[in-house]
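Below: one structure, written as structure tokens.
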Amino acid sequence: GRAGVGTVNLYTGALKFIHQDVSWNGNLMPVSIEHIFEGMRSNAHYTRNGTEVITANYSNMLIGHGWKLNLQQSMVPITPSDFGPNNDCEYVYSDENGLAHFFKKKDTTDDKTLYIDENDEMLEYNPEERILTRDGLRYQFNNAGYLVEIVNQYDVKQEITYDGSNRIVGVKDGAGREFKFTYSSN
């Protein structure tokens with residue numbers, strides 16, 4: 001309906017609800033901003049908390065218990081031993097829906113060190129450049145692991161900006177249109 005789309009995982013009973021806030025049309029990397037609710041996380045804000053939510057630190061971006069934005073994507077290093085003795089993954093990508101993708105080192109013939117998603121070899125991460133390649137797009141992350149740019153095959157960019165508290169404060173599409181975020185004290 002107009003409020004959004006809800007799904008229930010039949011195995012876990014977990015509710016996921018997606019509400020589209022803003023969607024700009026256009027050919028130059030249009031922007032879509034969505035609130036995503038995960039019932040399994042309804043007791044806390046979306047931020048890194050050990051091994052349950054593995055993401056960059058969004059503790060200052062309080063948008064409601066169980067809620068996150070589709071723009072809150074991150075790539076962060078992990079210690080493989082935190083996830084069991086046979087885990088050889090070194091990075092975790094938290095995607096637009098909050099799904100964690102674990103990356104392990106890829107065997108390469110050149111001097112590049114690349115990582116691939118353990119379940120989908122089409123997702124490739126270059127930690128030296130901090131670029132994830134996915135579905136023909138390049139996702140650029142900053143030093144802290146926050147998503148700052150999405151670039152398509154024509155080098156058209158969507159840019160995400162943050163304030164000093166690591167809160168998203170702006171999104172710019174490829175046509176230069178900007179959407180600004182403001183935060184209240186409560």
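Keep in mind it's a predicted model, so treat the numbers as computed, not measured.
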| request: Kindly determine whether Phe37 and Ser42 satisfy side chain to side chain contact (heavy atoms under 4.5 Å, CB included), including the steps that lead there. | output: CA-CA 8 Å; Phe37 177 78; Ser42 63; 3.7 Å; yes
Grouping I, L, V, M, F, W and Y whenever their side-chain heavy atoms are under 4.5 Å apart, do [X] and [Y] come out in a common cluster?
X: Ile160; Y: Ile131; result: no
X: Ile63; Y: Ile33; result: yes
X: Trp67; Y: Leu147; result: yes
X: Val76; Y: Leu114; result: no
X: Val151; Y: Phe141; result: no

Indicate whether any N or O donor in one side chain lies under 3.5 Å from an N or O acceptor in the other, for [X] and [Y].
X: Arg130; Y: Asn142; result: no
X: Gln72; Y: Thr55; result: no
X: Asp21; Y: His35; result: yes
X: Asp95; Y: His101; result: yes

To the nearest 0.5 Å, how far apart are [atom1] in [X] and [atom2] in [Y]?
X: Asn152; Y: Leu137; atom1: CG; atom2: CG; value: 6.5 Å
X: Leu99; Y: Ile36; atom1: CG; atom2: CD1; value: 11.0 Å
X: Ile168; Y: Leu71; atom1: CD1; atom2: CG; value: 5.0 Å
X: Met61; Y: Ser165; atom1: CE; atom2: OG; value: 11.5 Å
X: Tyr93; Y: Ser74; atom1: OH; atom2: OG; value: 9.0 Å

[X] bridged to [Y] by N-O distance under 4.0 Å:
X: Glu149; Y: Lys157; result: yes
X: Lys106; Y: Glu124; result: yes
X: Arg138; Y: Asp155; result: yes

| message | My understanding is that only residues two or more places apart in sequence, or in another chain, count here; which of them pass side chain to side chain donor-acceptor pair (under 3.5 Å) with Glu96? | response |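 Applying side chain to side chain donor-acceptor pair (under 3.5 Å) to Glu96 gives Arg134.
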| request: Could you please spell out the steps behind the side chain to side chain contact (heavy atoms under 4.5 Å, CB included) verdict for Phe103 and Leu123? | output: CA-CA 9 Å; Phe103 283 74; Leu123 276 77; 3.9 Å; yes
| said: Looking at every non-hydrogen atom in both residues, tell me the closest pair between Glu38 and Gly98 and how far apart they are. | reply: OE2-CA, 4.1 Å
| message | Minimum heavy-atom separation for Ala144 and Ala56, please, with both atom names. | response | O-CB, 4.0 Å
So does [Y] get a backbone contact from the side chain of [X], meaning a donor-acceptor N/O pair under 3.5 Å?
X: Asn70; Y: Glu34; answer: yes
X: Tyr91; Y: Lys105; answer: no
X: Asp120; Y: Met122; answer: yes

| Stacked cation flag Arg167 on Tyr58, 6.0 angstrom / 45 deg | no
| Should Cys89 and Lys104 be marked as a side chain to side chain contact (heavy atoms under 4.5 Å, CB included) after you check the CA-CA gap, both sets of side-chain angles, and the distance that decides it? | CA-CA 4 Å; Cys89 296; Lys104 62 183 179 180; 4.2 Å; yes
| message | Can you tell me which residue among Arg177, Glu178, Gln158 is in a side-chain contact (heavy atoms from CB on, under 4.5 Å) with Lys172? | response | Glu178
| field | Any side-chain heavy-atom pair of Glu90 and Pro77 under 4.5 Å | value |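 When only atoms from C-beta onward are counted, Pro77 and Glu90 do not touch, as no gap falls below 4.5 Å.
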| Heavy atoms, side chains only, cut-off 4.5 Å: are Phe102 and Asp88 in contact? |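 Side-chain contact under 4.5 Å: no.
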| message | Determine whether Tyr146 and Tyr162 satisfy the following criterion, ring pair (Phe, Tyr, Trp, His ring centres under 6.0 Å), listing intermediate values before the conclusion. | response | CA-CA 9 Å; Tyr146 298 96; Tyr162 298 82; 5.2 Å; yes
Name the atoms and distances for all side-chain donor-acceptor pairs under 3.5 Å in residues 3-11, with sequence neighbours left out.
unit_1, atom_1, unit_2, atom_2, d
Asn9, OD1, Tyr11, N, 2.7
Asn9, OD1, Thr12, N, 3.0

| Glu128 atom CD: more than 12 heavy-atom contacts under 6.0 Å | no
| field | Worked verdict on Glu159 versus Asp173 for side chain to side chain contact (heavy atoms under 4.5 Å, CB included) | value | CA-CA 7 Å; Glu159 299 173 65; Asp173 72 3; over 6 Å; no
| message | Can you tell me how the ring of Tyr115 sits relative to the ring of Tyr125, calling it parallel under 30°, perpendicular over 60° and tilted otherwise? | response |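 Aromatic pair Tyr115/Tyr125 classed tilted.
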| Pair Phe181 and Phe179, ring centroids less than 6.0 Å apart | yes
